[in-house]
Amino acid sequence: DDAAGGGISAAGISDEYLALVWRVLGSVASDTRALGKLEGFPLLPVGRSANGSEKHVIPLGAPLIDATGVSVDVAAAMRAAGVHVLDVGTLAGSSARAHPAMMDQFLAPASAAGFADAFAKAVTLNPKPWSPTFTREEAAHLRSFVLRRRWFGRGAGSGTDFDAADPERVASLASLRIYEAFPERTAGDDDDDDDAPGEQSGRRTAGGDPPLLDLVSAPLTLAPRRSTDPALLGIDFLNPSSDEESAVLVERFGVERLTDQKFLRQRVLSRLDLIRPARARNDAMLDALRRLPSLCAGDGSLSRAIA
């Protein structure tokens with residue numbers, strides 16, 4: 001069973017039969033109150049397998065969002081968070097979506113706000129404290145969907161139903177462990193042999209995948225630019241997949257993007273004896289010297305610190 005209420009295999013319920021049920025419900029239970037009496041009954045077709053080919057029927061009232069603009073990969077990532085996507089490619093799914101009461105209470109819009117509300121519902125419905133886990137691929141797909149400027153503020157459309165900038169929705173999205181950080185460098189990264197096969201300065205990292213974190217447990221920051229050498233970074237730095245993702249993290253989630261001056265002081269000058277490989281340290285200092293006039297324009301004491 002899924003974290004948010006489970007369901008039953010669609011093998012025993014034909015698509016045509018379930019579509020007929022929804023057409024009847026459109027006549028005899030057309031408002032939210034009447035349809036709500038059927039909450040808990042398996043009525044909603046969703047995809048269950050990774051490619052969406054295996055169908056599944058979940059109860060009315062389970063965390064559910066519309067399918068508009070939701071890819072199969074994103075749907076799989078949402079399912080890991082206990083949120084289902086209505087399968088409108090079936091007769092039953094399209095009939096359910098057309099019911100006048102569905103959008104009022106039982107089907108969230110396909111947006112970051114809709115997902116945040118559905119995820120909050122999934123957490124509430126779970127009988128035990130629960131925090132979903134994701135693969136790196138699932139996390140990347142989910143970030144690519146929710147961290148878009150179009151879902152926040154004025155770009156989110158009319159009404160609060162679509163605006164993910166609501167503080168409770170931001171908090172819900174921030175609690176997800178989908179935000180990739182840079183791995184910590186280990187003692188094995190201290191080798192200064194810059195001619196080792198297959199290695200380039202700043203591209204060698206600690207073993208294992210980069211960690212997936214939430215934005216609540218510890219303060220995380222962004223480097224001044226995405227091209228910053230990873231050898232200068234660590235687990236307290238986020239590794240966004242795109243410039244838009246970076247912008248949303250700063251503008252909507254309050255993540256600090258370090259200035260060039262602050263980054264130079266905190267991650268380079270104060271750690272010169274720790275930065276490995278040596279080429280990464282040397283490149284960072286040469287870059288600072290090349291840009292010294294512009295850096296000092298924002299921090300007059302920086303030249304003395306570099307000296």
Side-chain angles (χ1 to χ4, degrees), residues 2-5 46 58 61-71 73-86 102-181 211-222 238 240-242 244-256:
D2 293 305
V46 297
I58 63 169
L64 182 71
I65 74 166
D66 192 16
T68 305
V70 180
S71 69
D73 290 331
V74 171
M78 290 182 174
R79 193 161 53 249
V83 175
H84 300 280
V85 179
L86 183 65
M102 278 296 290
M103 285 293 188
D104 291 339
Q105 182 170 333
F106 303 104
L107 182 63
S111 66
F115 171 77
D117 292 346
F119 172 62
K121 187 175 186 179
V123 172
T124 301
L125 290 176
N126 201 281
K128 297 181 293 186
W130 171 69
S131 177
T133 57
F134 303 88
T135 65
R136 284 187 66 198
E137 292 74 18
E138 289 170 343
H141 288 308
L142 198 50
R143 290 198 312 271
S144 72
F145 181 81
V146 300
L147 297 183
R148 300 181 190 175
R149 278 179 161 143
R150 61 180 293 190
W151 302 136
F152 296 84
R154 296 179 60 185
S158 60
T160 57
D161 289 346
F162 299 95
D163 190 358
D166 173 83
E168 291 187 2
R169 288 169 174 160
V170 169
S172 181
L173 297 174
S175 71
L176 290 162
R177 286 179 291 176
I178 60 172
Y179 304 96
E180 184 174 308
L212 296 174
L213 307 173
D214 60 61
L215 300 180
V216 179
S217 301
L220 299 170
T221 54
L222 288 167
L238 290 170
S241 302
S242 67
E244 182 176 30
E245 186 177 316
S246 298
V248 172
L249 287 169
V250 172
E251 296 165 5
R252 300 299 179 179
F253 290 82
V255 174
E256 180 186 11

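Residue numbers count from 1 along this sequence.
Of all non-hydrogen atoms in A164 and A112, the two that sit nearest each other are CB-CB, 3.7 Å. Scanning all heavy atoms of the two residues, the minimum distance from G61 to K121 falls at O-NZ, 2.7 Å. Closest approach of A80 and E138 over heavy atoms only: CB-OE1, 3.9 Å. Here the closest non-hydrogen pair linking R252 and A165 is NH1-CB, 4.0 Å. The minimum heavy-atom distance between P132 and F119, with the atom names listed, is CG-CE1, 3.7 Å. For the pair A110 and V70, the tightest heavy-atom approach, listed with the atom from each and the gap, is CB-CG2, 3.9 Å.
Between atom CG of residue D66 and atom OG of residue S111 there is a gap of 9.5 Å, rounded to the nearest 0.5 Å. In this structure, R169 CZ and F162 CZ are separated by 9.5 Å, a value rounded to the nearest 0.5 Å. With rounding to the nearest 0.5 angstrom, the CG atom of L147 is 5.5 Å from the CZ atom of F253. Atoms CG and CZ, on L142 and F115 in that order, are 4.5 Å from each other to the nearest 0.5 Å. Considering CE of M78 and NE2 of H141, their distance stands at 12.0 Å, rounded to 0.5 Å. Annotation: the span from R148 atom CZ to S242 atom OG amounts to 10.0 Å, rounded to 0.5 Å.
A donor-acceptor pair under 3.5 Å links the side-chain atoms of R143 to the main chain of I178, judged by distance alone. When atom types are taken as modelled, the side chain of S172 and the backbone of E168 share no donor-acceptor pair closer than 3.5 angstrom. Put simply, the side chain of D163 never gets that close to the backbone of F152: no donor and acceptor are under 3.5 Å apart.
Residues L173 and Y179 have side chains in contact (heavy-atom distance under 4.5 Å, counting atoms from C-beta outward). Annotation: side chain of L238 is in contact with side chain of L215 (closest heavy-atom distance under 4.5 Å).
Looking at residues two or more places apart in sequence or on another chain, you find a side chain to side chain contact (heavy atoms under 4.5 Å, CB included) between D104 and T32. Here E180 pairs with R136 under the salt bridge (charged side-chain N to carboxylate O under 4.0 Å, His left out) rule; sequence neighbours left out. With sequence neighbours excluded, no residue forms a salt bridge (charged side-chain N to carboxylate O under 4.0 Å, His left out) with E244.
In this structure, W151 and F145 have tilted ring planes: the angle between them lies in the 30° to 60° band.
Screening V83, V85, V46 for a side chain to side chain contact (heavy atoms under 4.5 Å, CB included) involving L64 leaves a single residue, V46.
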